[in-house]
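The next block holds one structure in the form of structure tokens; read it before the comments.
Just so you know, residue 1 is the first one in the sequence shown, and it goes up from there.
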Amino acid sequence: MELYEFISPCHFGMEAVLKREIYDLGYDVVRVEDGRVTFAGDEETLCRANINLRTTERVLLKAGEFHAETFDELFESVRAIPWEKYLPVDARFWVAKASSVKSRLFSPSDIQSIVKKAIVERMKEHYGISWFEETGASYPLRVFLNKDEVTVGLDTSGESLHKRGYRLLSSKAPLTETLAAAIILLTPWKADRILMDPFCGSGTIPIEAAMIAARIAPGMHREFLAQSWTNLVDPKLWRDAFAEAEDEVDTSVKTRIQGFDIDGDIVRAARDNAQRAGVDGLIHFQQRDIWDLSHPKKYGFVITNPPYGERMEEKESLPELYREMGEAFGRLDCWSEYILSAYEDTERCLGKKADKKRKIYNGMLRSTLYQYLGPKPPKRGGTDGEAASRAGERGE
């Protein structure tokens with residue numbers, strides 16, 4: 001099989017987590033940049049990456065990379081790419097997205113138009129026809145310009161990979177599945193340890209944790225655009241990759257994952273989402289106020305994304321909410337807490353400084369992951385607590 005390079009975008013600040021995921025799948029990382037990781041592989045890699053990677057938004061097959069400062073250079077360089085290798089004569093192709101950072105070419109619409117024209121010219125030369133019906137499979141492209149360096153990739157995923165297929169109902173400001181998984185993988189949490197989300201909303205953090213614990217691949221129950229690319233990927237590779245993922249599943253795993261929320265309707269939606277994800281038996285959901293938060297076990301993990309006040313009337317209630325949160329967490333004095341929030345006064349209102357902080361962009365929203373690291377439990381209590389020491393914290 002032919003060797004390709006693949007580009008996987010991720011949330012800014014979570015590149016190290018995605019890099020580790022790719023290594024764990026058995027592939028070599030070529031380059032790590034802000035918001036994306038490039039790795040090498042073949043057609044089988046394309047299938048396995050789409051099905052198994054939890055923290056990327058999509059998998060792009062890199063078609064070309066070059067320097068361009070003018071539209072003429074852009075046109076000629078795109079035309080020089082062997083598009084007949086990727087696109088059959090009936091392919092439906094378009095530039096789904098173009099972005100430009102610190103580059104002389106900055107108009108997305110112009111970049112999209114020039115790239116499309118260049119591909120058409122290359123296809124005319126190869127196939128010897130002047131008009132393309134574009135009635136076949138879809139091959140959307142994405143073009144990135146950074147300091148005049150251009151990368152062109154084919155989108156193999158289609159719908160964003162955060163769409164696992166289980167979340168039909170969500171809360172007002174849902175956390176994406178990919179970011180939830182990345183935060184969990186950043187911590188030392190393991191399947192046999194307690195995990196609690198007191199602001200679980202539609203259940204994304206508990207559900208992603210349960211899927212990790214049960215080794216349920218995030219893309220097991222959805223389709224990918226490249227499944228129709230039979231000119232590039234043998235359908236048997238997809239069947240084998242799905243079968244491999246199915247063989248890995250272990251829903252008999254014992255977990256202690258809990259999700260709480262003050263909104264009873266949202267809790268019911270979370271249960272429905274967990275059922276669709278196949279992990280409803282691994283999570284305990286309950287309607288509960290943050291003020292009532294407690295747990296009989298001495299060691300555990302809180303991983304949560306509390307409200308941060310998108311609207312003015314919500315902002316006014318945040319200081320009191322975060323003070324209540326700080327008092328509640330104070331009752332869990334040997335627990336580790338990971339709190340993702342865009343609220344600037346988080347530490348002051350919680351009443352304590354974080355041991356570590358990590359800047360994360362949730363879309364265009366700049367957030368901070370506040371990390372409060374509990375003490376290492378005694379070895380005899382390892383199944384209840386945080387078996388990894390602070391020095392061994394993942395992702396650092």
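- Taking the charged nitrogens against the carboxylate oxygens, Glu159 and Arg222 have no contact shorter than 4.0 Å, which rules out a salt bridge.
- A salt bridge does not link Glu43 to Lys236: none of the charged nitrogens lies less than 4.0 Å from a carboxylate oxygen.
- Judged purely by atom type and a 3.5 angstrom limit, Thr255 uses its side chain to pair as donor or acceptor with the backbone of Leu282.
- Ile7 and Val150 end up in different hydrophobic clusters when Ile, Leu, Val, Met, Phe, Trp and Tyr side chains are linked at under 4.5 Å.
- No single ILVMFWY cluster, assembled from side-chain heavy atoms under 4.5 Å apart, contains both Met325 and Trp291.
- Shown here for Glu324 and Ile290, the closest heavy-atom pair between the two residues is OE1-CG2, 3.8 Å.
- When atom types are taken as modelled, the side chain of Arg268 and the backbone of Asp263 share no donor-acceptor pair closer than 3.5 angstrom.
- Looking at Thr56, its side chain never comes within 3.5 Å of a backbone N or O of Leu53 through a donor-acceptor pair.
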Before giving the answer on salt bridge (Lys or Arg N to Asp or Glu O under 4.0 Å), spell out for Arg36 and Glu15 the whole-Å C-alpha distance, their side-chain angles and the decisive distance to 0.1 Å. CA-CA 6 Å; Arg36 64 179 185 176; Glu15 296 85 359; over 6 Å; no

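- For the pair Lys352 and Tyr372, the distance from NZ or CZ to the six-membered ring centre is under 6.0 Å and the angle to the ring normal is within 45 degrees.
- At least one test fails for Arg193 against the ring of Trp335: distance under 6.0 Å to the centre or angle within 45° of the axis.
- Of the residues listed (Tyr86, Phe93, Trp229), the one engaging Tyr139 in a ring-ring contact (aromatic ring centres under 6.0 Å, His included) is Trp229, and it is the only one.
- With Ser103 contributing its side chain and Lys147 its backbone, the two residues share a donor-acceptor pair below 3.5 Å.
- Without hydrogens or angle criteria, Ser160 side chain to Lys163 main chain gives no donor-acceptor distance under 3.5 Å.
- Geometrically, Arg276 does not engage Tyr166 in a cation-pi contact defined by less than 6.0 Å to the ring centre and at most 45° from the axis.
- A donor-acceptor contact shorter than 3.5 Å links the side chain of Arg256 to the backbone of Asp192.
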Any chance you could lay out the side chain to side chain contact (heavy atoms under 4.5 Å, CB included) test for Thr38 and Val29, step after step, and finish with the verdict?
CA-CA 6 Å; Thr38 301; Val29 170; over 6 Å; no

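- Residue Asp197 forms a side-chain hydrogen bond (donor to acceptor under 3.5 Å, both in side chains) with just one option from Thr204, Asn305, Thr304, and that option is Thr304.
- Salt bridge annotation for Lys62-Glu5: present, with a cationic side-chain nitrogen under 4.0 angstrom from a carboxylate oxygen.
- The residues Glu125 and Arg122 are annotated as not salt-bridged, no charged nitrogen and carboxylate oxygen being separated by less than 4.0 angstrom.
- Residue Leu60 is not grouped with residue Trp238 when hydrophobic side chains (ILVMFWY) are merged at heavy-atom distances under 4.5 angstrom, including chains of intermediate members.
- Look at Lys116 and Glu134 and you find a salt bridge, because one of the NZ, NE, NH1 or NH2 atoms lies within 4.0 Å of a carboxylate O, short of that distance.
- Looking at Asp42, its side chain does come within 3.5 Å of a backbone N or O of Thr45 through a donor-acceptor pair.
- At distances below 3.5 Å, not a single donor-acceptor pair connects side-chain atoms of Ser202 with backbone N or O atoms of Ala270.
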task = Would you please test Thr176 and His11 for side chain to side chain contact (heavy atoms under 4.5 Å, CB included) and show each step?
result = CA-CA 10 Å; Thr176 66; His11 288 274; 3.2 Å; yes

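- The shortest side-chain heavy-atom distance between Leu87 and Asn231 does not fall under the 4.5 Å cut-off.
- Although no hydrogens or angles enter the test, the distance criterion places a donor-acceptor pair under 3.5 Å between the side chain of Gln227 and the main chain of Phe224.
- By the 30° and 60° cut-offs, the orientation of the rings of Phe301 relative to Tyr338 is parallel.
- Salt-bridge annotation for Glu208 and Arg164: present, with a side-chain N of the basic residue lying under 4.0 Å from a carboxylate O of the acidic one.
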### Task
Please step through side chain to side chain contact (heavy atoms under 4.5 Å, CB included) for the pair Leu225 and Ser138, ending with a clear verdict.
CA-CA 7 Å; Leu225 200 56; Ser138 295; 4.2 Å; yes

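- Here Asp34 contributes atom CG and Cys10 contributes atom SG; the two are 9.5 Å apart, rounded to the nearest 0.5 Å.
- Residue Tyr361 is not grouped with residue Leu175 when hydrophobic side chains (ILVMFWY) are merged at heavy-atom distances under 4.5 angstrom, including chains of intermediate members.
- Glu337 places no side-chain N or O within donor-acceptor distance of the main-chain N or O of Gln371, the cut-off being under 3.5 Å.
- In the hydrophobic clustering of ILVMFWY residues, with side-chain heavy atoms under 4.5 Å counting as a link, Phe39 and Tyr23 come out together.
- Smallest separation of non-hydrogen atoms from Ala181 and Thr55: C-CG2, 4.2 Å.
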